[in-house]
**Student:** 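The structure under discussion is supplied below as structure tokens; questions concerning it will follow.
Because the structure is a prediction, the values reported are computed rather than measured. Note: hydrogens, waters and symmetry copies are ignored here, and every other heavy atom, side chains too, is used. Order of the sequence lines sets the chain letters (A, B, ...), proteins ahead of strands, with each chain counted from 1.
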Protein chains: 2
Amino acid sequence: MVQKSKKPPSAAKIEAPVAPKRRGRPRAYEPDVALGKALDLFRRDGFAATSLDDLSAATGMNRPSLYGAFGDKRELYIKSYQRYRSEARAAMVDIFRADAPLRERLERIYRIALDIYLSGESGPRGCFTVMTAASEAVSDPDIRTMVLEGLTELDKAFGICFRHAKERGELPDGADPASLAHLASATIHTIAIRARARVPRRELEAIVKGAIDVMCGPK
Amino acid sequence: MVQKSKKPPSAAKIEAPVAPKRRGRPRAYEPDVALGKALDLFRRDGFAATSLDDLSAATGMNRPSLYGAFGDKRELYIKSYQRYRSEARAAMVDIFRADAPLRERLERIYRIALDIYLSGESGPRGCFTVMTAASEAVSDPDIRTMVLEGLTELDKAFGICFRHAKERGELPDGADPASLAHLASATIHTIAIRARARVPRRELEAIVKGAIDVMCGPK
DNA sequence: ACTTTTTTGTACCATTTCGCATTAAATTCC
DNA sequence: GGAATTTAATGCGAAATGGTACAAAAAAGT
């Protein structure tokens with residue numbers, strides 16, 4: 001798809017975010033909310049168990065529109081996963097950046113994680129990366145790349161946290177930030193899995209608390 | 001299925017493990033190996049993406065035989081999962097029972113876990129519980145029960161390990177065996193996920209080593 | 001008003017999927 | 001050898017699946 005003449009060269013104004021006066025029949029859906037619905041389905045049922053009919057029903061788009069907007073099923077899955085990752089990142093990035101004590105930062109991160117994993121009308125939704133993407137990762141290189149990115153991104157964010165905390169003297173000298181970061185990620189993963197098995201929030205919070213105590217040293 | 005007259009009442013001998021002289025045409029397959037093949041498929045592709053044709057081809061049984069031997073697809077899946085769990089348990093139970101120092105026991109457990117997760121001709125197979133069963137767990141109560149059993153079984157086994165170690169003085173007084181057990185399980189879960197994304201064994205071993213150092217205190 | 005462009009909606013196709021009905025084969029019991 | 005029994009093998013059928021062709025609809029440009 002060679003895009004020429006997409007930007008009107010005379011437009012001195014910044015591209016208006018709304019009503020760009022498209023040419024043909026207007027869309028009957030909003031791509032963003034449709035992608036959100038698709039994400040919900042894929043996340044609940046996985047790639048194979050989600051049919052185009054399901055997606056069509058959930059998004060309100062008929063199949064040709066779906067296809068036109070997002071490409072085939074696999075592309076839609078990948079776009080959904082991208083969307084999930086960027087949402088998850090957005091929900092956590094502020095906390096990771098924040099300049100708060102280690103324990104408090106961890107508590108907030110895990111609270112957000114539990115919110116994400118436990119929400120959902122038809123049961124807890126778990127983590128897209130852990131629950132469905134990792135399964136596809138063996139056979140699909142593109143998805144595998146995204147999963148690996150997601151995993152290392154989380155490791156790195158935690159790693160920065162712990163390194164920062166160590167510099168501040170919040171951790172003993174012997175502490176290894178990299179190992180602690182992996183343990184912090186592992187705790188994310190274990191609660192994602194348990195959430196999916198409908199372990200109640202209370203228990204997950206207890207697991208998180210215990211993990212934080214081990215990682216930070218007892219309060 | 002009311003089973004009467006299954007045990008010949010005159011049989012004073014112990015049931016012969018082979019050649020019980022069944023009545024009709026002999027089976028062309030061995031149920032155990034067939035179930036093993038089915039397990040491999042389900043584990044690699046998950047429930048929905050594994051078709052009866054795939055299963056038929058892998059086991060060498062045609063569909064009616066499959067159906068007769070194991071019931072429908074869902075039953076076969078559940079039987080496969082049961083088989084997986086009992087194999088995994090068998091591979092680990094000796095180590096959990098063994099009377100070795102904590103660190104050594106952990107090292108051996110994780111070595112076995114990596115063996116299980118990384119084996120497979122068409123890529124690493126990961127953990128059945130984590131990869132495919134947990135996905136089904138939201139919607140299927142029976143599978144959910146099994147997943148929960150698997151999770152708590154692992155927690156308990158690790159818990160006994162750490163409690164034992166603490167009694168022996170291998171852990172500091174402040175150590176909480178339950179929290180450590182959850183972290184040990186979490187480490188199992190995180191390497192299962194990463195294995196599925198083809199993270200090389202070296203890296204997984206490094207993660208395990210770091211986790212053990214944190215849990216046991218540095219060597 | 002007419003053309004152009006973009007999207008919708010219906011319908012269709014080829015394939016796959018699960019499950020089962022039926023027939024043929026292989027073995028034991030009498 | 002023949003009846004009974006258990007399994008294998010073939011194949012059918014209804015439903016679902018992913019994908020697409022095609023015409024109608026709704027907007028903007030001329």
**Student:** Near DNA chain C, which residues from residues 60-80 of chain A have a heavy atom under 4.0 Å away?
**Tutor:** Asn62(A), Arg63(A), Pro64(A), Ser65(A)

**Student:** I need the residues from residues 25-49 of chain A with at least one non-hydrogen atom less than 4.0 Å from DNA chain D; give them sorted by number, or say none.
**Tutor:** Arg25(A), Pro26(A)

**Student:** Looking at Lys79(A), I'd like to know if its NZ atom is crowded, meaning that more than 12 non-hydrogen atoms belonging to other residues, nucleotides or ligands lie closer than 6.0 Å.
**Tutor:** yes

**Student:** First and last nucleotide of DNA chain D touching chain B, 5' to 3', heavy-atom cut-off 4.0 Å?
**Tutor:** dA4(D) to dC12(D)

**Student:** How about Glu30(B): does its CD atom have over 12 heavy atoms from other parts shown lying under 6.0 Å from it?
**Tutor:** no

**Student:** Specify whether Phe96(A) and Phe158(A) have parallel, tilted or perpendicular ring planes, treating 30° as the upper limit for parallel and 60° as the lower limit for perpendicular.
**Tutor:** perpendicular

**Student:** Starting from the C-alpha separation in whole Å, work towards a yes-or-no answer on salt bridge (charged side-chain N to carboxylate O under 4.0 Å, His left out) for Glu205(A) and Lys209(A).
**Tutor:** CA-CA 6 Å; Glu205(A) 285 170 343; Lys209(A) 186 187 174 309; over 6 Å; no

**Student:** Inspect the surroundings of CZ in Arg89(A) and state if more than 12 heavy atoms from other residues, nucleotides or ligands are less than 6.0 Å away.
**Tutor:** yes

**Student:** Regarding Glu153(A) and Arg85(A), does a basic nitrogen lie under 4.0 Å from an acidic carboxylate oxygen?
**Tutor:** yes

**Student:** Would you please indicate if the ring centroids of Phe47(B) and Tyr81(B) are separated by under 6.0 Å?
**Tutor:** no

**Student:** How would you label the contact of Thr50(B) with the nucleic acid (heavy atoms, under 4.0 Å): base, sugar-phosphate, or nothing?
**Tutor:** sugar-phosphate

**Student:** Decide yes or no on side-chain contact (heavy atoms from CB on, under 4.5 Å) for Asp53(A) and Arg63(A), but give the supporting numbers first.
**Tutor:** CA-CA 7 Å; Asp53(A) 279 341; Arg63(A) 269 195 311 240; 2.7 Å; yes

